[in-house]
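Just the heavy atoms: all of them, side chains too, but no hydrogens, waters or symmetry mates, feed the values below.
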Amino acid sequence: MNGLKKIIEQTAGNRTAFLLSFLPAALLNDVPYLNLYLGRFMKIFLVWGAFLLVYQVLSRPGFRRSLFSPSMLLLFAFLAVNVVTVFLHREYPLRESLPRISYMLLYFGVLYGQERFSDAAGRQKTWYRLSVLLVVIIAVFSLIGFASFLWSIQFAFRRGEQTIWFGMKDYRLWGLFNANVGGMFCVIAIGAALYLLSRKPRRAGRVALAASIVFQWLTLILTQSRGALGALVVMCALIAFGMCYNRGVRARGGRRAAVLRSFAPGVASAVAVALALILAGPLVRQGLSYVPWVVSSERALALQEAELSGLHLAVGDDELWNEDELLKRPKLERIEKLTGAEVTSGRKLLWSSGIEEWKREPVFGLSYEGMVDKVSERVGTSMAGNIRAGGLHNIYVTVLVVTGVVGAVVFLAFLLLQAGTALHSLQRTWRGGMLLQWDLLISVSLAFGILVAEVVEARTLYGLNFVAVVTWYLLGYSGREMDLIKKSEIRSNDEYGLR
């Protein structure tokens, strides 16, 4: 029996193997071109996650007890509300709702629950490996997207009712993804790179990671994603506060009254970083707009020289290679600003339509499929696919409309509980004159940044996507580190490179 248990723990029961497989697979699956082939295989992780969850419940008494913790009870209550809502709207086929419920259980039970309450060691090592994978994979995707910007490449193809874009679209960098998705990937890559920098790599590693951070920031600017920019601002502001706080702790020898004085400089640093990121964006974007113009000018010059030499180049579409078109500097402004359209890109209409439909069934909501159906009738059936994939582009409004007041209250209670745990941990940290640990600081900052960005997006609950996977993993990881602080199980600051 012990031999069988050892085999299971090294294979299907290995949580680290699951994470190192699931997160990169979810990232690759978010590329529309790859989703055409990978999407059907992603349900394998539902089966693996279900086995992992059952195995942990049966083999680890500590994890069984954690299922009755306040945070897990709230999450399971929220899951139950979604099930009740689906049952109340049986006019919609169960096959549409079942995958959403299943992935939600995977997020709550495996990514959050096991990461927060499992007694398995090696969490930090796992996050280190994941960070390396994410930095490398997202860098490759961003390089492909940036190349499409340099050479002004854009095209689209249709698959059924879905249109898949590549390159530039509406003066925004889509690259391999929707621009808002790509922007959030840049933020996640920056957070992962900052964590790797905190581990004190060698000089070559530091240079590569710093270059990666700058490159991802430039790519994010080209996506012009306001949600992703908000997430980056929040994340960097919180990290700046933590760094200033830690400097105060080291300078003042950990004395509690003296440590409190570092809060004001920390807040000032956070505000300064936030303003710098917000104000620098338009200026950098304006500078970047000259880059493809220079590249195109060089290409036009090469064509001129080829013609003078009597060469005939097979360049394909004559319109694409028209010299006058090549010499135009591209506009890098959101289409709403150029056309005077509504600034929220239709989100205001989605939110108001969703609220109007929610008023008809305020207690348990419409269910997700009901929301797609009813709101699409209000705003136009042409937006049904967009609503099905992205909800109402506000996770908090989406939760209210889908699960009603009952579900919204339960979900809000969970978020407040997480925020209360974070504040309690911060209080215990400064009272003890201790440094903020880097892995905790970055995981909390990135998770909080994503949740702030969810004011204009809705990715973290309904359906499979990479942002949701990262969010629930980070909430579980940071929750575990905060629990250790509450229990006074503080590890050495040297372990985190905070000497």
What is the distance from atom [atom1] of [X] to atom [atom2] of [Y], rounded to the nearest 0.5 Å?
X: Leu130; Y: Leu23; atom1: CG; atom2: CG; result: 5.5 Å
X: Met104; Y: Leu75; atom1: CE; atom2: CG; result: 10.5 Å
X: Arg116; Y: Met72; atom1: CZ; atom2: CE; result: 10.0 Å

Are a donor atom and an acceptor atom from the side chains of [X] and [Y] found within less than 3.5 Å of each other?
X: Asp439; Y: Tyr195; value: no
X: Tyr462; Y: Asn82; value: yes
X: Gln114; Y: Tyr473; value: no
X: Asn29; Y: Asn35; value: yes
X: Asn386; Y: His393; value: yes

Within the supplied structure, the quantity of interest is the number of heavy atoms (other residues, nucleotides, ligands) at a distance under 6.0 Å from [X] [atom1]; does it exceed 12?
X: Tyr33; atom1: OH; result: yes
X: Tyr128; atom1: OH; result: no
X: Met243; atom1: CE; result: no

For [X], check side-chain contact (heavy atoms from CB on, under 4.5 Å) against everything at least two apart and list the hits.
X: Leu74; answer: Val410, Ala413, Phe414, Leu417
X: Arg206; answer: Leu197, Pro201, Arg203
X: Ser353; answer: Leu349, Val375, Arg378, Val379
X: Leu88; answer: Val84, Phe364

Closest approach of [X] and [Y], non-hydrogen atoms and distance?
X: Ala26; Y: Val469; result: CB-CG2, 4.0 Å
X: Leu238; Y: Phe448; result: CD1-CD2, 3.7 Å
X: Leu474; Y: Ser443; result: CD2-CB, 4.0 Å

If you measure from the Lys or Arg side-chain nitrogens to the Asp or Glu carboxylate oxygens, is any gap between Lys374 and Glu377 under 4.0 Å?
-> no
Pair Tyr477 and Trp127, ring centroids less than 6.0 Å apart = yes
Lys169 to Trp165 six-membered ring, cation-pi geometry met (6.0 Å, 45°) |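 Yes, Lys169 sits over the ring of Trp165.
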Honestly, is Arg90 close enough over Phe87, meaning NZ or CZ under 6.0 Å from the six-membered ring centre and within 45° of the axis?
->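 Checked: cation-pi criterion met.
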Report yes or no: does Gln154 contribute a side-chain atom to a donor-acceptor pair with the main-chain N or O of Phe149 at less than 3.5 Å?
->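 Absent.
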Side-chain contact, heavy-atom cut-off 4.5 Å: Leu277 with Trp217?
->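 Of all side-chain heavy-atom pairs linking Trp217 with Leu277, at least one is under 4.5 Å.
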Are the side chains of Leu232 and Ile190 in touch, meaning some heavy atoms are under 4.5 Å apart?
-> yes
Sole candidate of Ile355, Val402, Leu350, Val455 that passes side-chain contact (heavy atoms from CB on, under 4.5 Å) when paired with Val397 |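 So, applying the side-chain contact (heavy atoms from CB on, under 4.5 Å) to Val397 and each of Ile355, Val402, Leu350, Val455, only Ile355 qualifies.
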For the residue pair Phe185 and Phe466, does the interplanar ring angle fall in the parallel (under 30°), tilted (30 to 60°) or perpendicular (over 60°) class?
->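 Correct class here is perpendicular.
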With sequence neighbours excluded, what pairs up with Trp48 under the ring-ring contact (aromatic ring centres under 6.0 Å, His included) test?
-> Phe18
Full working for side-chain contact (heavy atoms from CB on, under 4.5 Å) between Val187 and Leu220 = CA-CA 8 Å; Val187 176; Leu220 187 154; 3.3 Å; yes
Can you run down the salt bridge (Lys or Arg N to Asp or Glu O under 4.0 Å) pairs that involve residues 447-458, sequence neighbours left out, and say none if there aren't any?
-> Arg347-Glu457, Glu457-Arg459
